Amino acid sequence: VDREISHRLRVSLISGHDLLSADSNGFSDPYVDMFVWTPDRASCKHMWRSETKRKTLDPVWGSDETKSVPLLTEKALMQVVVFDWDETGDDDFLGECLIDLKHYADGKSHRLALHLDQYQSGPTNDAGDRVKGYIIVEVQVTAENRASGVGAGRYGTTGTSFTAGR
């Protein structure tokens, strides 16, 4: 499989803003599940979960939430799903966003404001409020140098801004 790797995704979960309140105290305990899929290769997917931030509608994750994963193609999708952690019962859905990574396969770092949405009907908080808020992430998709196995791009700080979702 290593010979099939053509790109590498580096993603940093930075922060969330104006998230839906799902707890009786007026706050949420948000965490993020991130999925990366390659649609034409169903067996190729990655998933990770962020740290849970307690009692906030504006969580900050910062540099501790950075992941790097190999991709078999730049034609991959990243789904960001935000939940409210509950000590008892099921966690509450706070929103989601789907990103087509091929638009960012230029080796540069891109800071994205991902406006949360709800693609399928289902419950959010106990009041049934609509999804709101957004998540800030940085994504970088670099081509792999097949001869040496080292990424051809650099992890730079220059980037562009883009608002995805909705």
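This structure is a prediction, so every number in the text was calculated from the model and none was measured.
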Does [X] reach the side chain of [Y], with side-chain heavy atoms less than 4.5 Å apart?
X	Y	value
Ile14	Arg111	yes
Arg10	Val139	no
Phe27	Arg54	no
Asp90	Asp92	no
Cys97	His115	no
Leu112	Ile136	no
Val11	Thr66	no

Looking at every heavy atom in both [X] and [Y], which two are closest together, and how far apart are they?
X	Y	result
Gln140	Gly107	NE2-O, 2.7 Å
Pro30	Thr56	CD-O, 3.6 Å
Glu65	Arg49	OE1-O, 4.4 Å

When you measure from the side chain of [X] to the backbone N and O of [Y], does any donor-acceptor pair fall under 3.5 Å?
X	Y	answer
Trp61	Glu51	yes
Thr124	Leu94	no
Asp86	Thr88	no

Any chance you could measure [X], atom [atom1], to [Y], atom [atom2], to the nearest 0.5 Å?
X	Y	atom1	atom2	result
Asn125	Ser28	CG	OG	7.5 Å
Glu138	Tyr104	CD	OH	13.0 Å
Leu114	Tyr134	CG	OH	11.0 Å
Lys53	Asp58	NZ	CG	13.0 Å
His7	Thr142	NE2	OG1	7.5 Å
Arg130	Leu116	CZ	CG	12.5 Å

Identify the residue among Asp33, Val32, Leu13 that makes a side-chain contact (heavy atoms from CB on, under 4.5 Å) with Val80.
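Result for side-chain contact (heavy atoms from CB on, under 4.5 Å) with Val80: Val32.
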Test applied, side-chain contact (heavy atoms from CB on, under 4.5 Å); reference residue, Leu77; option that passes from Thr38, Leu101, Leu98, Val36:
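Of Thr38, Leu101, Leu98, Val36, side-chain contact (heavy atoms from CB on, under 4.5 Å) with Leu77 is met by Leu98 alone.
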Is the closest side-chain donor-acceptor distance between Asp84 and Tyr31 under 3.5 Å?
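No, no side-chain donor-acceptor pair sits under 3.5 Å.
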Gln79 and Glu96: side chain donor to acceptor below 3.5 Å:
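The criterion, which ignores hydrogens and geometry beyond distance, is satisfied for Glu96 and Gln79.
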Quick one: do Lys102 and Glu74 make a salt bridge, cutoff under 4.0 Å?
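Looking at Lys102 and Glu74, the cut-off is not met.
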Hey, can you pull the donor-acceptor pairs under 3.5 Å for the side chains in residues 16-24, sequence neighbours left out?
{"from": "His17", "atom 1": "NE2", "to": "Ser15", "atom 2": "OG", "distance (Å)": "2.8"}
{"from": "Asp18", "atom 1": "OD1", "to": "Lys132", "atom 2": "NZ", "distance (Å)": "3.2"}
{"from": "Ser21", "atom 1": "OG", "to": "Gly26", "atom 2": "O", "distance (Å)": "3.1"}

Give the cluster check for Trp37 versus Trp48: same hydrophobic cluster or not, with ILVMFWY residues linked at side-chain heavy-atom distances below 4.5 Å.
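Result: yes, single cluster for both.
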If you group Ile, Leu, Val, Met, Phe, Trp and Tyr by side-chain heavy-atom gaps below 4.5 Å, do Leu57 and Val82 land in one group?
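In one cluster: no.
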For Phe83 and Phe93, take the angle between the two ring planes, folded into 0 to 90°, and tell me which bin it lands in: parallel under 30, tilted 30 to 60, perpendicular over 60.
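Perpendicular.
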Would Ile5 and Leu71 count as a side chain to side chain contact (heavy atoms under 4.5 Å, CB included) if you check the C-alpha gap in whole Å, the side-chain angles of each, and the deciding distance to 0.1 Å?
CA-CA 6 Å; Ile5 296 170; Leu71 299 175; 5.9 Å; no
